[in-house]
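Take this structure, written in structure tokens, and hold onto it; I'll ask about it next.
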Amino acid sequence: QVQLVESGGGLVQPGGSLRLSCAASGSSFRLNTMAWYRQAPGKQRELVANITWFGSPNYAASVKGRFTINRDNAKNTVYLQMNSLKPEDTAVYYCNTVGSIYPWGQGTQVTVSS
């Protein structure tokens, strides 16, 4: 069974940057469109960005121009580079496929605050 392990979160000031990583076990990783999601307190989980197996990205309007998703299929890892962070980006960030077919990992907390 595929396991997802997110890392790289932390506390950052507004305008700062973080790079998140998601390591996936299992050989099917490279075949799937992978995505980053986030869930803020009291809100539903939302899709932030996704990337096809061949590297074509898509972004939610709220992060377009600030976040960049990429992947390394050889390492079974997907990344999320987050720049110009805002307080409203504060959330727990998760990765999964589009459609979330894998069990959810523990996520990584991102807090943007001065």
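Not measured: the values here are computed from a predicted model.
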### Message
Do Arg45 and Tyr94 form a cation-pi contact, if we require the NZ or CZ to be under 6.0 Å from the six-membered ring centre and within 45 degrees of the ring's axis?
### Response
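Checked: cation-pi criterion met.
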
### Task
Evaluate the side-chain contact (heavy atoms from CB on, under 4.5 Å) criterion for residues Val48 and Ile69: first the C-alpha distance (whole Å), next the side-chain angles of each, then the deciding distance (0.1 Å), finally the verdict.
CA-CA 9 Å; Val48 173; Ile69 187 172; over 6 Å; no

#### Entry: Partners meeting side chain to side chain contact (heavy atoms under 4.5 Å, CB included) with Gln109 (sequence neighbours left out)
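For Gln109 the side chain to side chain contact (heavy atoms under 4.5 Å, CB included) partners, ignoring immediate neighbours, are Thr90, Val92, Thr111.
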
### Task
For Pro14 and Ser114, work out which heavy atoms get closest and say how close.
CD-N, 3.7 Å

### Message
Between Tyr79 and Asp72, is the side chain to side chain donor-acceptor pair (under 3.5 Å) condition met? List the steps.
### Response
CA-CA 8 Å; Tyr79 304 96; Asp72 185 336; 4.8 Å; no

### Task
For Ser84 and Ser17, work out which heavy atoms get closest and say how close.
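It is N-OG, 4.4 Å.
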
### Message
For the OG1 atom of Thr33 and the CG atom of Asn96, what is their distance to the nearest 0.5 Å?
### Response
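One finds 12.0 Å between OG1 of Thr33 and CG of Asn96.
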
#### Entry: Minimum-distance pair of heavy atoms, taken over all atoms of Cys95 and Val78
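So the two residues come closest at CB-CG1, 4.3 Å.
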
## Note on the structure
Closest heavy-atom pair, Ile51 versus Arg71, reported as atoms and distance to 0.1 Å, is O-NH1, 3.2 Å

### Task
Could you point out which residue of Thr68, Leu18, Val63 forms a side-chain contact (heavy atoms from CB on, under 4.5 Å) with Met82?
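Among Thr68, Leu18, Val63, the one that satisfies the side-chain contact (heavy atoms from CB on, under 4.5 Å) with Met82 is Leu18.
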
### Shared hydrophobic cluster for Leu80 and Val12 (ILVMFWY, side-chain gaps under 4.5 Å)
yes

### Query
Are Tyr37 and Trp104 an aromatic pair by the rule of ring centers under 6.0 Å?
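Yes, the ring centres sit under 6.0 Å apart.
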
### Query
Would a distance-only check, ignoring hydrogens and angles, find a side-chain to backbone donor-acceptor pair under 3.5 Å from Asn76 to Ala24?
yes

### Task
Without swapping roles, check the side chain of Thr97 against the backbone of Asn32 for a donor-acceptor pair under 3.5 Å.
no

### Query
Are side-chain heavy atoms of Leu11 and Ser113 found at a separation under 4.5 Å?
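Yes, close enough: below the 4.5 Å cut-off.
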
### Query
Is it the case that more than 12 heavy atoms not belonging to Glu46 sit under 6.0 Å from its CD atom?
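Atom CD in Glu46 is packed in, count exceeds 12.
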
### Message
Please find the pair of heavy atoms, one from Ala60 and one from Leu47, that lie closest to each other, and give the distance.
### Response
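For Ala60 and Leu47, the tightest heavy-atom pair comes out as CB-O, 3.7 Å.
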
### Stepwise side-chain contact (heavy atoms from CB on, under 4.5 Å) test for Val5 and Gln106
CA-CA 7 Å; Val5 179; Gln106 82 288 350; 4.3 Å; yes

### Query
So which heavy atom on Trp36 is nearest to which on Ser21, and how close?
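Looks like CH2-O, 3.6 Å.
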
### Message
Strictly by salt bridge (Lys or Arg N to Asp or Glu O under 4.0 Å), give each pair with a member in residues 75-102 just once, sequence neighbours left out.
### Response
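Qualifying pairs, neighbours excluded: Arg38-Asp89, Arg66-Asp89.
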
### Exercise: do Tyr59 and Asn50 side chains pair donor with acceptor under 3.5 Å
no

### Verify same cluster id: Val2, Met34 (apolar side-chain graph, 4.5 Å)
yes

